[in-house]
Amino acid sequence: MREITILSGKGGTGKTSITAALAAYAQNTVFCDNDVDAADLHLILQPDIVETNTFFGGWKATIDTAKCTKCGLCMHHCRFEAIHFDSFKRMVINPLQCEGCRLCEKICPVQAIASKRNDNNFWYVSNSRFGTLVHAKMAPGEENSGKLVSQVRKRAKEIAKEQNMDYVLNDGPPGIGCAAISSVSGTNLVLMVTEPSKSGIHDVKRLAALVQSFKIPAYALINKFDINVEMATEIENYLEGIGIRVLAKIPFCKEVVEAMVVHQSIPEYNPGSSIAGQVKAVWHELVNGIK
Ligand code: SF4
Ligand code: SF4
């Protein structure tokens, strides 16, 4: 079983619509949405959830105001300035600022502070028309997305082994942060989806550096290349110069958007389109490249 991960250095490159299009051609594959902060592959795949699991995130402290003597010790020691008086002169903790270090819990002289792990994050195993999908939903403000990415990838690989599948196809998170690092680590092949814009060039360079630092073979795809052909050529030259082959340059096409509106991938919406043909060829290149 081999893992292929689709990444983009930034949001808005069309990575998920490319992943969904690849999914339409992928045989013997388990799908995994690694973009746990803003998962959207399920919007196209429309899966039926068969398993729901809680992911326990970071710790959050709260103050029992009935016990609190307002001594102020916790407020002075919180390095994240999460503790303050509210308008009723009660000592409270802002959950969005609390980093869960649990220092305040230890130093409160009257044990008025307790910490609890956030249990508002979920990950799912679902059935879709293309195969099994493992995906997740992370609570707003939660900061353990890297761990949740590792969790969904682990389960996707287990399922692939159980079902004797050949591939796991990961729809990775945008950017190069903690979640992207979790998505790259240990994968067998990366496809970078980029677009010809100033930020597109900047972000694909950072992504390429990240992927190459892990020594993972990578290919690229330039989406909407015709919105700036000159810049697309600049990206292609840069990537080819550092040993990353551009497998396809996909033109802007409003059918891609129309397909998404009706929850379809482009090969389903218009199987005879040139874009569908290009994506099919990319899938074959990926499969050949991973052998
Ligand atoms: S240390 Fe305890 S008693 Fe003192 S202000 Fe904080 S919560 Fe209240
Ligand atoms: S757990 Fe740490 S970050 Fe959160 S309020 Fe207490 S001291 Fe501040």
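Counting convention: from 1, in listed order, for ligands and their atoms alike. Computation of the quantities below employed the complete heavy-atom set of this structure, encompassing side-chain atoms and omitting hydrogens, waters and symmetry-equivalent molecules.
With sequence neighbours left out, Tyr25 forms a ring-ring contact (aromatic ring centres under 6.0 Å, His included) with no residue at all.
Remark: minimum distance from atom 7 (S) of ligand 2 to any protein heavy atom is reached at Cys101 SG, 3.5 Å. Atom 4 (Fe) of ligand 2 has as its closest protein heavy atom Cys98 SG, 2.4 Å. Annotation: atom 3 (S) of ligand 2 to nearest protein heavy atom, Glu99 N, 3.3 Å. When hydrogens are left out, the protein atom nearest atom 1 (S) of ligand 2 is Arg102 N, 3.2 Å; that is the closest non-hydrogen contact. Here the protein heavy atom with the shortest distance to atom 8 (Fe) of ligand 2 is Cys78 SG, 2.4 Å.
Minimum heavy-atom separation, Asp40 to Asp33: N-OD2, 3.2 Å. Scanning all heavy atoms of the two residues, the minimum distance from Val36 to Ala136 falls at CG1-CB, 3.8 Å.
With hydrogens and angles left out, the side-chain atoms of Asn170 and Glu3 include a donor and acceptor closer than 3.5 Å.
Among the backbone and side-chain atoms of Cys104, no N/O/S atom is found under 2.8 Å from atom 2 (Fe) of ligand 2.
For a distance threshold of 2.8 Å, the protein N, O or S atoms nearer than that to atom 8 (Fe) of ligand 1, listed by chain and number, are Cys68 SG.
The environment of NZ in Lys70 is crowded: more than 12 heavy-atom neighbours from other residues, nucleotides or ligands sit within 6.0 Å. Within 6.0 Å of NE2 on His84 lie more than 12 heavy atoms contributed by other residues, nucleotides or ligands.
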List the atom pairs, with distances to 0.1 Å, where a side-chain N or O of residues 200-214 and a protein N or O form a donor-acceptor pair under 3.5 Å, not counting sequence neighbours.
{"from": "Asp203", "atom 1": "OD1", "to": "Arg206", "atom 2": "NH2", "distance (Å)": "3.4"}
{"from": "Gln212", "atom 1": "NE2", "to": "Ile242", "atom 2": "O", "distance (Å)": "2.9"}
{"from": "Ser213", "atom 1": "OG", "to": "Leu210", "atom 2": "O", "distance (Å)": "2.6"}

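Once rounded to the nearest 0.5 Å, the distance linking CD1 of Ile181 with CD1 of Ile176 reads 7.0 Å. Note that the CD1 atom of Ile222 and the OG1 atom of Thr13 stand 11.5 Å from one another [nearest 0.5 Å].
Distances below 4.0 Å separate heavy atoms of Ile83 from the following atoms of ligand 2: 5 (S). Of all the atoms in ligand 1, the ones that sit under 4.0 Å from a non-hydrogen atom of Pro109 are 1 (S).
Among residues at least two apart or in separate chains, side-chain hydrogen bond (donor to acceptor under 3.5 Å, both in side chains) pairs with a member in residues 123-132 are Ser126-His135, Arg129-Glu268, Thr132-Gln163.
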